[in-house]
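In what follows, chains are A, B, ... by sequence order, proteins preceding strands, each numbered from 1. Every value quoted in this text rests on a predicted model; they were computed, and no experiment measured them. All values below come from the heavy atoms of this structure, side chains included, with hydrogens, waters and symmetry mates left out.
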4 protein chains.
Amino acid sequence: MPLSEKQIQNMELRKKKILEAAMGLFATEGYEGTTIKKVSVAANVSFGSVFTYFKDKEALFYTVVVEPLTELKERVLFFDETSADPLLETKQMLREHFRAFAEMNRYLQLVVQVVGQHERYADVFKELDEFHDVFRGKVGKLVQNGQQIGVFKKQDPLIVATLYTSLLIGVRLNSTDNRYSDVWEQYAVTALNLFAPTEKVTDKGLS
Amino acid sequence: MPLSEKQIQNMELRKKKILEAAMGLFATEGYEGTTIKKVSVAANVSFGSVFTYFKDKEALFYTVVVEPLTELKERVLFFDETSADPLLETKQMLREHFRAFAEMNRYLQLVVQVVGQHERYADVFKELDEFHDVFRGKVGKLVQNGQQIGVFKKQDPLIVATLYTSLLIGVRLNSTDNRYSDVWEQYAVTALNLFAPTEKVTDKGLS
Amino acid sequence: MPLSEKQIQNMELRKKKILEAAMGLFATEGYEGTTIKKVSVAANVSFGSVFTYFKDKEALFYTVVVEPLTELKERVLFFDETSADPLLETKQMLREHFRAFAEMNRYLQLVVQVVGQHERYADVFKELDEFHDVFRGKVGKLVQNGQQIGVFKKQDPLIVATLYTSLLIGVRLNSTDNRYSDVWEQYAVTALNLFAPTEKVTDKGLS
Amino acid sequence: MPLSEKQIQNMELRKKKILEAAMGLFATEGYEGTTIKKVSVAANVSFGSVFTYFKDKEALFYTVVVEPLTELKERVLFFDETSADPLLETKQMLREHFRAFAEMNRYLQLVVQVVGQHERYADVFKELDEFHDVFRGKVGKLVQNGQQIGVFKKQDPLIVATLYTSLLIGVRLNSTDNRYSDVWEQYAVTALNLFAPTEKVTDKGLS
DNA sequence: GATGAATGAGACTTCATTCAT
DNA sequence: TATGAATGAAGTCTCATTCAT
């Protein structure tokens, strides 16, 4: 007797609730600071139910870290590094990236923890690190593109890309707010300097 | 009977060994991942001795995070924000900062943890946050100085300063090495762009 | 609506599968080592179905231990203690007993557990113990019969009977195979000495 | 600072108390039926102290089973299989063996569990099984010795030895008392028949 | 002051049992 | 009746902290 449609939906809802509760707790209280009991209470679910959906705490953590990576990838890798107008592309990219990093606050807090203690979270870090490489590589290509066209000064594109991704995560680490606001808009504008644009860049392109 | 000079020195040595062992463990294994037993073994000291020098685990952690802050402050706040040559001052500052951040790896890993979970480590975070404000303010003044003289383009100096400190911690977070090397040297050079220097900046000033 | 003949047959089949799976698991993994989940998987039946047929784990265990007792009784109490040729009767009994104990390996493993921890399995042990008394009593009568006729030396018949049943279970405990083989045949022959036969006993009667 | 003599003695006492409590519980309630909490209460020791002396439950069980094996070996392998009077030697051996099996009741209950579920307790069973082989071999030699001298009828000595050790453990399994008594004395006398003595054996040698 | 045994709170996890579908 | 998700009691084990020596 297979499960009814309604049951399946209900289970997915419960699983989602658990994941959200777990994400919030892992982000603010850390791995050990988060107990299954706390998660179950926050998710308004019985203690044992957490284990119905996740083999153990480790598996819960893994899912919490890896699953939202899909959304992060989509929001972060959308840009066209082969654009004919790399300056404009970069400006738009910056704005979108800062917006994404502003909005995905809780998740990125988690990412920081994993990256900061990569030896401890080796499995999960591997996933993040692979993404980081892809991300940095793509940014590097855009930088190179801009340099060839002459809108960016000549510099090692990978160094620039590395500094840029570091800047993003660093800003996220140093901020405590969850919303995209004027400050983040300003960050995006100012961060363009990292790419060393040759022309007089005004805010026009972004406004 | 007062303690002899020799005894006092010995105790200080033991305390230092414990602190160093604890720093390494807290940095790589986290707060809960670090047990007093592990610390005592790493410090080559008996289990109970840890409690002779520190009231409890909390106090040990606090000391481990707060005490090295003095060194960090010294290495990071050394620059002269009122310098008559703010461009040169900035270049030198960059190099020294990246060097410091490269070398104080383990400690900064710890800092990242505390900042990333500031709600959890409220007490200790307060100390770090106050330092961060001072640091950012001083950098902001240097930026302002440079803008007035005309070596930097006009931008909100505090935004620039914030991005700069974020970049520093972000680079540290994304790197895994412990030594100052050519890569870090390049970071320092390239990061200057964040300040939007007006003249043609070459590596001369840094080499 | 009463259940159809087919349905009833199906249910009996399912129940039997569960019992067999449970017997194997209880025998090799013990009471606590056996989980309802394992039983359901081994029986190729859903988790909940076990509870459809048995009130709880306790009831399942009880059935697993008590139900096969009928077969054991039949195979073990078949002999005629009033036989006019008690020596021959004893020889045949021995062979059949050892054969039964060789073949009912799994079940007897279970019996050993219950007997070995009779305080813990008081209910179920009671059943086994009553059977044991009957068994021993009947063997005792055969021994007495043989002694009166003079084919066995005089000894306390109950002591002999007790030693004999102990020997049976002891041999079963010390062996790991599941089949009746030459070794078991030899056991049966040699075990006759326990009854202290007066004449020269050869293997003739058994071969 | 090494532990004082007094402290060491106290620790040994505590460890012994735990072992005794554990043996009683494992014997009567089985491995899973025995909880660390029960052991600590029975040993009049705190919960955590059990883990001070034993790595985990498994290690406790192992020690409980393997340590008393030394005593069992001593009490069981004492006899001289090369004796010039193998009949007398056998009679004495029987008496001592039954006495030992009567007195080491609790421990042998444990042995029965391990042997009865050897797959589950593979590690610990190995130790017991090795001992059993030695034991059986030595008994076999004594039987052979007796057969050569002519006090025992010719039979496969190893079969006799196997039946004998099985008888011992079987009797222990079927009895519930803890003391050596008249019944056990009678068992010892009657069990001699298993060896098929040729002469008229009376109780003289044993009384 | 130095040591490490003693303690018990609290975490993770398993699993029998219930019950809605 | 068959199924398997939901639940929470109970067990193992870790580890911070205390304290006697």
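Residue D:E58 is the one, among D:E58 and D:K6, whose nearest nucleotide of DNA chain F lies closer to the 5' end (criterion: closest heavy atom). In terms of position on DNA chain F, the residue among D:D56 and B:D56 whose nearest nucleotide sits closer to the 5' end is D:D56.
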Pairs under 3.5 Å (Watson-Crick or G-U), crossing ones as [ ], inter-strand ones as |: DNA chain F comes out as .||||||||||||||||||||

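Although no hydrogens or angles enter the test, the distance criterion places a donor-acceptor pair under 3.5 Å between the side chain of D:Q109 and the main chain of C:G116. With hydrogens and angles disregarded, no donor-acceptor distance shorter than 3.5 Å links the side chain of A:E71 to the backbone of A:M104.
The CD atom of D:Q7 sits 16 Å away from the P atom of F:dC19 (whole-angstrom rounding). Taking atom CZ of B:F54 as the reference point, atom C1' of E:dA2 lies 15 Å away to the nearest angstrom. Distance OH (D:Y53) to P (E:dT7): 9 Å, rounded to an integer number of Å.
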Could you list the protein-to-nucleotides 8-11 of chain F atom pairs, N/O on both sides, closer than 3.5 Å?
from	atom 1	to	atom 2	distance (Å)
F:dG8	N7	A:G48	N	3.3

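If you check residues 116-124 of chain A against DNA chain E, you find no residue with a heavy atom closer than 4.0 Å. Of all the residues in residues 15-25 of chain B, not one reaches under 4.0 Å from DNA chain F with any non-hydrogen atom.
With sequence neighbours excluded, no residue forms a salt bridge (Lys or Arg N to Asp or Glu O under 4.0 Å) with B:K16.
Each of F:dT17, E:dT13, F:dT7 was ranked by its minimum atom distance to the side chain of A:F51; first place goes to E:dT13.
Within the structure, ring-ring contact (aromatic ring centres under 6.0 Å, His included) pairs that include any residue of residues 36-57 of chain C do not occur (at least two apart or interchain).
An OP1 or OP2 oxygen of F:dA2 is reached within less than 4.0 angstrom by a side-chain nitrogen or oxygen of C:R14.
Counting non-hydrogen atoms of other residues, nucleotides and ligands closer than 6.0 Å to CG of A:N10 gives a total above 12.
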